[in-house]
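For reference, the structure is listed below as structure tokens.
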Amino acid sequence: MTATSSQEETTMSQAKRIVLAARPVGEPKPSDFRIEEFALPTPGAGEVLLRTIWLSLDPYMRGRMSDGPSYAAPVPIGGVMEGEAVSEVAASNNPDFAVGDIVRARTGWQSHAISNGKGLIKVDPKLGPISTSIGVLGMPGMTAYTGLLDIGKPQEGETVVVAGASGAVGSAVGQIAKIKGARAVGIAGGKDKCDYVVKELGFDACLDHRETDFPAKLKFACPKGIDVYFENVGGAVFEAVFPLLNPFARVPVCGLIAHYNDTEAKPPKWAASMMRATLTKRLTFRGFIVSDFANRHGDFLRDMSGWVRDGKVKYKEFVTEGLESAPGAFMGLLKGANFGKQLVRVGQDKA
């Protein structure tokens, strides 16, 4: 056996994972993550071995790194970082899954994983590239679909504003709003993102929240006020939006990325005036998790796949290469460095 073939054999028998090495204080840093090698696992009775092809990175993962109260258990120290992935079945002892099947599951930041089949969802390549099953045709797309339609309930002619408009969720929100006959105004970070949102995605306007006169420009872009605000950000963006909310406005609260690195929770000085306006304007605020609407998955997949196929909903993917790139890509995601859905290509698609 040559040295080269021996090295290839060793590589093939090794798997990699990224674990949480420490709980971050404020912004995550490289030392909060650790990459480990482990022996390629062998599936037992009823199990399958999964080879990761695509890994999804999403802002909610920052919350899983902390041990404060939340809707889901935190990642334990030394535990594999949480995440959804698209994988190929590399070996199978489960009659429901054949070698070569493409599936998605919450296997986390690792190159390989063992599953007993529970929670595995087969991906239909006919609906689009398999990466879209964790993007526009997956959790981000369904978050946009259900949050906007089931909570925001946009009506024809209303104004819908969405923060994070060039991201995986926000970009879909604005395009769905347009499909429903509403006026879509995006908020994003940077001229290139705003240009993309208007020129490529068809929003009516997009404002750069980094500009010093952002509140004034947002008011100018929403002359009739705001009927639906899809909240992904919080912070100064929300402060600019709030005075423009119309009576009976609806606010689906999907994320608060501006606050994910906060080390302590402080109520805003204007909390009392916010509560008063909520009462007098009869505003609706509702936080949600996409799993709240699990029974809508069939409707979502039917509608969204059709919109994507017909060109009514466009999407953009921001890809980094190799599992080792995940920590850096994730830290960049929290700062808005990505342009579109953040993905990590962990393995090659043999299709």
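Keep in mind that what you see is a predicted model, and the values were worked out from it rather than measured. What you see below is based on every heavy atom in this structure, not just the backbone, and it leaves out hydrogens, waters and symmetry mates.
Taking the six-membered ring where the residue is Trp, Phe230 and Phe288 present perpendicular rings, their angle passing 60° and hence far from 30°.
A cation-pi arrangement is found for Lys122 relative to Phe97, the charged atom lying closer than 6.0 Å to the ring centre and inside a 45° cone about the ring normal. Figure legend: Lys316 and Tyr196 shown as a cation-pi pair, the cationic atom lying under 6.0 angstrom from the six-membered ring centre and within 45 degrees of its axis. The cationic atom of Lys16 (NZ for Lys, CZ for Arg) does not lie both less than 6.0 Å from the six-membered ring centre of Phe38 and within 45° of the ring axis.
Here OG1 of Thr320 is found 9.5 Å from CZ of Arg345. Values are rounded to the nearest 0.5 Å. We find the CD1-CD distance between Ile53 and Glu88 to be 5.5 Å, quoted to the nearest 0.5 Å. Rounded to the nearest 0.5 Å, atoms CG (Asn246) and CD1 (Ile226) are 8.0 Å apart. Distance CH2/Trp307 to CD1/Ile179: 5.0 Å, rounded to 0.5 Å. With rounding to the nearest 0.5 angstrom, the CD atom of Glu211 is 11.5 Å from the CG atom of Leu218.
Judged by distance alone, the side chain of Asp101 and the main-chain N or O of Ala98 form a donor-acceptor pair under 3.5 Å. Put simply, the side chain of Asn93 gets close to the backbone of Pro43: a donor and an acceptor are under 3.5 Å apart. Under a 3.5 Å cut-off, the side chain of Asp58 and the backbone N or O of Tyr60 do not form any donor-acceptor pair. Panel note: side chain Asp292, backbone Ile289; a donor-acceptor pair is recorded below 3.5 Å. Gln175 places a side-chain N or O within donor-acceptor distance of the main-chain N or O of Lys314, the cut-off being under 3.5 Å. Within the 3.5 Å criterion, the main-chain N or O of Ala236 finds no donor-acceptor partner in the side chain of Glu239.
Comment: Lys180 does not engage Glu156 in a salt bridge, judged by the lack of any side-chain N to carboxylate O separation of less than 4.0 angstrom. A salt bridge is defined here as a Lys NZ or Arg NE, NH1 or NH2 lying under 4.0 Å from an Asp or Glu carboxylate O, and Glu36 with Arg34 meets this definition. For Arg183 and Glu158, the salt-bridge test fails: no basic side-chain N is under 4.0 Å from an acidic carboxylate O. Checked for salt-bridge contact, Glu27 and Lys335 meet the test: a charged N lies under 4.0 Å from a carboxylate O. For Asp227 and Arg250, the salt-bridge test fails: no basic side-chain N is under 4.0 Å from an acidic carboxylate O.
Side chains of Arg276 and Thr280: no donor on one and acceptor on the other come within 3.5 Å. A donor-acceptor contact closer than 3.5 angstrom is absent between the side chains of Lys341 and Thr132. With no hydrogens or angles considered, no side-chain donor-acceptor pair links Asn94 and Ser92 at under 3.5 Å. Using a 3.5 Å distance cut-off with no hydrogens or angles, the side chains of Ser131 and Glu317 do pair a donor with an acceptor.
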Fill in: From CA spacing to verdict: salt bridge (charged side-chain N to carboxylate O under 4.0 Å, His left out), Arg23, Asp32
CA-CA 6 Å; Arg23 299 207 182 279; Asp32 295 327; over 6 Å; no
Worksheet item: Phe300 and Tyr145: ring pair (Phe, Tyr, Trp, His ring centres under 6.0 Å), yes or no, with the steps?
Response: CA-CA 7 Å; Phe300 154 71; Tyr145 178 92; 5.7 Å; yes
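Residues Val233 and Phe238 form no side-chain contact, since every pair of their non-hydrogen atoms from C-beta on lies 4.5 Å or further apart.
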